[in-house]
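Residue numbers begin at 1 in each chain, while the letters A, B, ... track the order of the sequences. Atoms considered below: every heavy atom in the structure, side chains included; atoms not considered: hydrogens, waters and symmetry mates. All of these numbers come straight from a predicted model, not from anything done at the bench.
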Protein chains: 2
Amino acid sequence: MSQEQSQRMQSMCESAKAHVDDLLVMLSKSKMLSILYIMNCDKEPMRFSEIKKRVNSSSTTVARRLGELEDYGLVTRTAFATVPATVIYELTEDAITLQPSLESMFEWVLNRADSSV
Amino acid sequence: MSQEQSQRMQSMCESAKAHVDDLLVMLSKSKMLSILYIMNCDKEPMRFSEIKKRVNSSSTTVARRLGELEDYGLVTRTAFATVPATVIYELTEDAITLQPSLESMFEWVLNRADSSV
DNA sequence: GGGACAGGTTACAACATTGTTACAAAAAAA
DNA sequence: TTTTTTTGTAACAATGTTGTAACCTGTCCC
């Protein structure tokens, strides 16, 4: 890492602690990163049941996480009055800017997994 | 994102789920991201008490998290037989290759924190 | 009327995690 | 001799989180 980056990191570390903490707590909730992960994999809008199936969790937890993501402005929820109901979730622009980080994180995991097999 | 990258992402999403999941579960534990964050900010080896103070948590939790990070090969623990004891923690080479991802994640967090003030 | 379906919500019991308290070790200082 | 310090660990009560089961809405189909 360059000196310049290092300094930026330094100053980043000194400020905005509370907000950072909030976000870290949110991202630390169970299935949260998984949801962002799978929505990141498959860029299409995704239905509730699809998300639930993919992260392998209960309706309750998935609903809770999606609600939190919506509150934080990371996903949008759109309901269609079809029969039966159709609700789709999409990452917001904001969430999409997080993609590169997640992606390189997952790549790191995979490289690691490869060399440890 | 390019088509090629998208395809890479796709194939990543189909394999090695277990490993990714392991990492996500580990990173989701309380204070885990915070610990990596502060160790990332301040690249020097860090003492137990310093980490504890910075993440504002109990000895028990900090010890648990550091143990998990050590098990996972992301930090090394070095004890010196001084009086009183001195123990330092450092990110491993492996963790350092993960830094750019975490760093950009933290940057994303900070940008968001800023704009929500 | 009675399903069936998607997409939830609510209540609650089961389970997991956290912090607190007590304790330990070792040597130097008071 | 007692205190002080750092770095933990063990036990356990308090707290937080999860999944389960039940229920709900709205509409189409039989």
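Within residues 62-82 of chain A, the residues that have a heavy atom under 4.0 Å from DNA chain C are, in order of number, A:A63, A:R77.
Atom CE in B:M32 sits roughly 10 Å away from atom P in C:dT18 (whole-Å rounding). The CD1 atom of A:I51 sits 13 Å away from the C1' atom of C:dA6 (whole-angstrom rounding). Following rounding to the nearest Å, A:E50 (CD) and C:dG7 (P) show an atom-to-atom distance of 10 Å. Atom C1' of nucleotide C:dG7 and atom CD1 of A:I88 are separated by 14 Å, given to the nearest angstrom. The distance from atom NZ of B:K52 to atom P of D:dG8 is 12 Å, rounded to the nearest whole Å.
Checking the phosphate oxygens (OP1, OP2) of C:dA6, no side-chain nitrogen or oxygen of A:R47 falls inside 4.0 Å. Phosphate proximity of C:dG8 to A:Y89: present, with a side-chain N or O under 4.0 Å from OP1 or OP2. For the pair B:S49 and D:dT7, the criterion of a side-chain N or O lying under 4.0 Å from OP1 or OP2 is met.
Comment: B:R64 does not engage B:E68 in a salt bridge, judged by the lack of any side-chain N to carboxylate O separation of less than 4.0 angstrom. The pair A:K53-A:E50 counts as a salt bridge, with a side-chain nitrogen and a carboxylate oxygen less than 4.0 angstrom apart.
Judged purely by atom type and a 3.5 angstrom limit, B:T92 uses its side chain to pair as donor or acceptor with the backbone of B:G73. In this structure a side-chain-to-backbone donor-acceptor pair under 3.5 Å is missing from B:S57 to B:T61.
Crowding of B:D22 atom CG: a count of heavy atoms from other residues, nucleotides or ligands under 6.0 Å exceeding 12.
The two residues A:V75 and A:L66 have their closest heavy-atom pair at CG2-O, 3.9 Å. The shortest heavy-atom contact between B:L23 and A:W108 is CD1-CZ3, 3.9 Å.
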For nucleotides 21-26 of chain C, tabulate all protein N/O to nucleotide N/O atom pairs closer than 3.5 Å, reporting atom names and distance.
none

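Computed from C1' positions of five pairs at each end, the angle between the two local axes of the helix from C:dG1-D:dC30 to C:dA30-D:dT1 equals 30°, rounded to 10 degrees.
Projected onto DNA chain C by closest heavy-atom contact, A:T86 and B:T61 fall at different nucleotides, the more 5' of which corresponds to A:T86.
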